[in-house]
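Whatever order the structure lists ligands and atoms in, that order sets their numbers, starting from 1.
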Amino acid sequence: MARSRPAFPLLPPAGPLLALLALISALCCCSVSVVLRTSDESPWTDEFDNVELTCLIESISTKTPRIEWKKLTRDGPSYVFFDGKISGDLEQRAVIRDPATLFITNATRSDTARYRCEVTAADDLKSFDEIVIDLVVRVKPVAPKCSVPKSVPFGKSAELRCLEEEGFPKSQYTWFKDREEVPDDPRANPRFLNASYSLSADTGTLKFLAVRKEDAGDYFCRAKNDAGYAECSAQKMEVYDIDVVGIVLGVLVVLVVLLCVSVGVCCAYKQGYFSVEKTTGNNYKVPAKGDGLDYVRTDDEGDFRHKSSFVI
Ligand SMILES: *[C@@H]1O[C@H](CO)[C@@H](O)[C@H](O)[C@H]1NC(C)=O
Ligand SMILES: *[C@@H]1O[C@H](CO)[C@@H](O)[C@H](O)[C@H]1NC(C)=O
């Protein structure tokens with residue numbers, strides 16, 4: 001402070017320097033450009049919550065810039081904020097917060113889109129800037145549709161399916177058997193150690209290659225995404241034995257079929273040979289009669305033709 005006081009009296013001689021400074025600042029003033037910035041390029045919110053699409057003006061010299069917001073959809077851009085008013089879907093749900101931030105209340109799934117903040121500053125050298133913000137509104141999954149086979153024969157394959165289509169981003173699926181999570185790898189849990197299945201978290205399919213007695217139980221599925229999760233109610237899958245009835249019946253059926261087929265083939269083979277010879281014998285005789293008739297007919301036709309040709 002003591003030093004700065006003697007500095008003041010020195011100023012008048014530095015008059016030309018001040019003028020230069022004024023000139024530089026004037027030049028700077030005219031060369032100012034409008035520059036936008038955002039604190040979050042890809043914000044997200046859960047459905048029915050609020051979200052802010054920040055559009056900050058980093059530099060500007062124009063006092064009243066023109067601010068516009070557009071929603072960029074597949075059908076092209078549409079106005080969200082124009083001429084000082086919010087329009088479209090967001091009409092009752094959004095406001096502009098100083099300087100150009102778009103604040104959306106009660107976001108819905110259809111708000112998921114890219115939005116563009118555009119600022120036009122007429123008095124600036126570079127008079128336009130824009131910034132694009134990618135908004136994701138996450139949607140909680142609804143209870144998935146689950147299909148669990150009621151009863152599966154021992155040793156056969158079985159497929160359990162789970163599907164949920166509301167959630168955004170897309171749901172991932174987990175299966176539970178008797179309230180215990182079915183692990184991706186059966187070896188991860190001793191209770192599933194000897195099970196043979198494949199599990200897809202993306203498609204929601206739990207596929208047993210060969211069911212065991214131990215695979216019987218109550219199954220339910222959970223659909224989950226970043227916004228939350230939902231479950232279907234548990235359904236029972238039973239495994240029945242076909243060892244006793246099935247295999248004996250199967251073998252019997254196979255035997256009967258084999259017997260029938262072999263007898264059939266044998267008979268057909270034998271009879272077929274005799275009948276072929278017999279029928280060929282007959283065929284010679286039958287056409288002989290037929291030939292006679294044919295000749296008669298052709299004769300008639302021939303006569304007719306002769307007559308008709310004669311007529312012509
Ligand atoms: C939010 O929007 C949904 C429809 O999209 C409506 O049912 C609900 O009442 C709204 N909630 C509020 C707090 O405005
Ligand atoms: C898995 O199989 C092995 C032999 O095949 C058996 O000793 C073991 O007890 C089985 N474990 C379970 C959990 O079923």
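Within a 4.0 Å radius of atom 11 (N) of ligand 1, the protein has at least one heavy atom. Distances from atom 7 (O) of ligand 1 to the protein include no heavy-atom value under 4.0 Å.
If you check the gamma sulfurs of C221 and C162, they are less than 2.5 Å from each other.
Counting atoms of ligand 1 from 1 in the listed order, those under 4.0 Å from a heavy atom of T108 are 5 (O).
Counting heavy atoms from C-beta on, the side chains of P65 and I60 come closer than 4.5 Å. K177 places none of its side-chain heavy atoms less than 4.5 Å from the side chain of W175.
Enclosure of atom CZ in R187 is not indicated, since only 12 or fewer non-hydrogen atoms of other residues, nucleotides or ligands lie within 6.0 angstrom. Within 6.0 Å of OH on Y229 lie no more than 12 heavy atoms contributed by other residues, nucleotides or ligands.
Here the protein heavy atom with the shortest distance to atom 4 (C) of ligand 1 is F48 CE2, 4.3 Å.
Taking all heavy atoms of T105, N106, D89 into account, the minimum distance to atom 13 (C) of ligand 1 is reached by N106.
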